Protein chains: 2
Amino acid sequence: MILSKSCEYAIRAVVYIASKTVKEERASIIEIAEAIGSPVAFTGKILQTLTRKKVLASSKGPNGGFYIINPASVYLVDIVRAIDGNEIFTACVIGLTTCSAEKPCPMHYQMKPIRDQLRIDFGKRSVYEMVQAFENNNYFLK
Amino acid sequence: MILSKSCEYAIRAVVYIASKTVKEERASIIEIAEAIGSPVAFTGKILQTLTRKKVLASSKGPNGGFYIINPASVYLVDIVRAIDGNEIFTACVIGLTTCSAEKPCPMHYQMKPIRDQLRIDFGKRSVYEMVQAFENNNYFLK
DNA sequence: TTAATAGAAGACAAATATATCTTTTATTTT
DNA sequence: AAAATAAAAGATATATTTGTCTTCTATTAA
Ligand code: FES
Ligand code: FES
């Protein structure tokens, strides 16, 4: 799998949260987990991390919950980096300790372009765009 | 990471084994692990799986070891499927239970082409080609 | 100012992936 | 036939990821 399970949940959660934010609402952990079909407590941990990394914001107490400051300025790549780190965009496909043209593996010149493309595509895809897709109602989060 | 550690070792091992096969030699587990920088016993297990799945062949006893019947007819995709399965080419990026145009996630139309391209590229890349690259001596397996 | 709400934090548990060790089986050489 | 070699098989161990549970802290509403 390309992304960790945590990262998959993270992306789905962020899209859902953003879809609430654009309606001026906040989302609780329980509501989010229900909406994306993920385990409640585990989802809480992931959201905690995203909040620490400033991908999301949260507030406690009644009417509290998670929200996103500006969906148009957060990109898919930001979520991925917050949870799985940057390695998926830089690490050697077959696990050499470094990936470089100086010491390439036999797949380097095939893989680097694909990986770079992935980084570019993930860097272009804003949460706002994903919310628009989702709100179309032809798209799903679970 | 895109591939499991097992799968990374598997690919490196197969390329090394094939580089021996083209010289009419067989490779022992110990030699392979040394050549690709992997843990010996764990590598043994992976090679066992690859042999069961007919990606490799092996023989016991003195002058025994692993070899590959026809490097030109085994493709990267075959190694990946043998170890990690086909899911990396078919599963939803954000973990929906099924990936389809009928029930697409907000990344579906961005990801499907990339994933398909990966399958095509992996399907085109033969072990023989990877060995040629490796034998060039400008390419590395550890 | 008390009760209720909701996230933060940390300890704990289960599942999976990675790695090791020992015994058995097949093959070859002497 | 016996000794040596090398993979197969299975049991066991460790690490990481995924998931749960309990307590603490902040905020809000009554
Ligand atoms: S060295 Fe392996 S992908 Fe670059
Ligand atoms: S449904 Fe998510 S990638 Fe196809």
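Only heavy atoms go into these numbers, but all of them, side chains included; no hydrogens, no water, no symmetry mates. Bear in mind the structure is a predicted one, so any value in this text is a computation, not a measurement.
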Closer than 4.0 Å, any side-chain N/O of [X] to the OP1 or OP2 of [N]?
{"X": "A:Ser58", "N": "C:dA8", "result": "yes"}
{"X": "A:Asn63", "N": "D:dA29", "result": "yes"}
{"X": "A:Ser28", "N": "C:dA6", "result": "no"}

**Q.** Intermediate values then yes/no, salt bridge (charged side-chain N to carboxylate O under 4.0 Å, His left out), A:Glu129 and A:Lys124
**A.** CA-CA 10 Å; A:Glu129 284 172 345; A:Lys124 275 191 184 143; over 6 Å; no
Q | Heavy-atom closest pair, residues B:Ile36 and B:Tyr9 | A | CD1-O, 3.7 Å
Nearest whole Å is fine: how far is [N] [atom2] from [X] [atom1]?
{"X": "B:Glu8", "N": "C:dA19", "atom1": "CD", "atom2": "P", "value": "10 Å"}
{"X": "B:Phe42", "N": "D:dA15", "atom1": "CZ", "atom2": "C1'", "value": "12 Å"}
{"X": "A:Ile30", "N": "D:dT20", "atom1": "CD1", "atom2": "P", "value": "13 Å"}
{"X": "B:Lys60", "N": "D:dA6", "atom1": "NZ", "atom2": "P", "value": "14 Å"}
{"X": "A:Ile36", "N": "D:dG19", "atom1": "CD1", "atom2": "P", "value": "11 Å"}
{"X": "B:Arg26", "N": "D:dT5", "atom1": "CZ", "atom2": "P", "value": "18 Å"}
{"X": "A:Phe66", "N": "C:dA6", "atom1": "CZ", "atom2": "P", "value": "12 Å"}
{"X": "A:Ile83", "N": "D:dT16", "atom1": "CD1", "atom2": "P", "value": "18 Å"}

Q: Please tell me which of B:Tyr9 and A:Ile32 maps to the more 5' nucleotide of DNA chain C, matching each residue to the nucleotide holding its nearest heavy atom.
A: A:Ile32
Q: Take B:Asp116 and B:Lys112 through the salt bridge (charged side-chain N to carboxylate O under 4.0 Å, His left out) test and state the conclusion after the steps.
A: CA-CA 6 Å; B:Asp116 288 348; B:Lys112 192 159 189 315; 3.0 Å; yes
Q: First locate atom CG of A:Leu96, then atom OH of B:Tyr139, and finally report the distance between them rounded to the nearest 0.5 Å.
A: 13.0 Å
(Q) If I take atom OH from residue B:Tyr67 and atom OG1 from residue B:Thr51, how far apart are they, to the nearest 0.5 angstrom? (A) 9.0 Å
Q. Is a donor-acceptor pair below 3.5 Å formed from side chain A:Lys5 to base D:dT17, judging by atom type as modelled?
A.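 No, the side chain and the base share no sub-3.5 Å donor-acceptor pair.
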Just checking [X]: base, sugar-phosphate only, or nothing, at a heavy-atom cut-off of under 4.0 Å?
{"X": "A:Gly44", "value": "nothing"}
{"X": "A:Ala57", "value": "nothing"}
{"X": "B:Ala33", "value": "nothing"}
{"X": "A:Ile29", "value": "sugar-phosphate"}

(Q) Strictly under 4.0 angstrom, non-hydrogen atoms only: write out the protein contact profile of nucleotides 10-16 of chain C, one letter per nucleotide from the 5' end, B, S or -. (A) B------
(Q) Do the side chains of B:Glu34 and B:Lys142 get close enough for a salt bridge, i.e. N-O under 4.0 angstrom? (A) yes
Q: When you get a sec, tell me which of C:dA19, D:dT28, D:dG19 is the closest nucleotide to the side chain of A:Pro62?
A: D:dT28
Q. DNA chain D: A:Val40 or B:Ser59, which has the more 5' nearest nucleotide?
A.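 Going by which nucleotide is closer to the 5' end, it is B:Ser59.
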Q. Has the side chain of B:Arg81 got a donor or acceptor atom that lies under 3.5 Å from a matching backbone atom of B:Asn86?
A. no
Q: Carefully, step by step, assess A:Ser38 and A:Arg12 under the rule side-chain hydrogen bond (donor to acceptor under 3.5 Å, both in side chains).
A: CA-CA 9 Å; A:Ser38 65; A:Arg12 281 146 66 188; over 6 Å; no
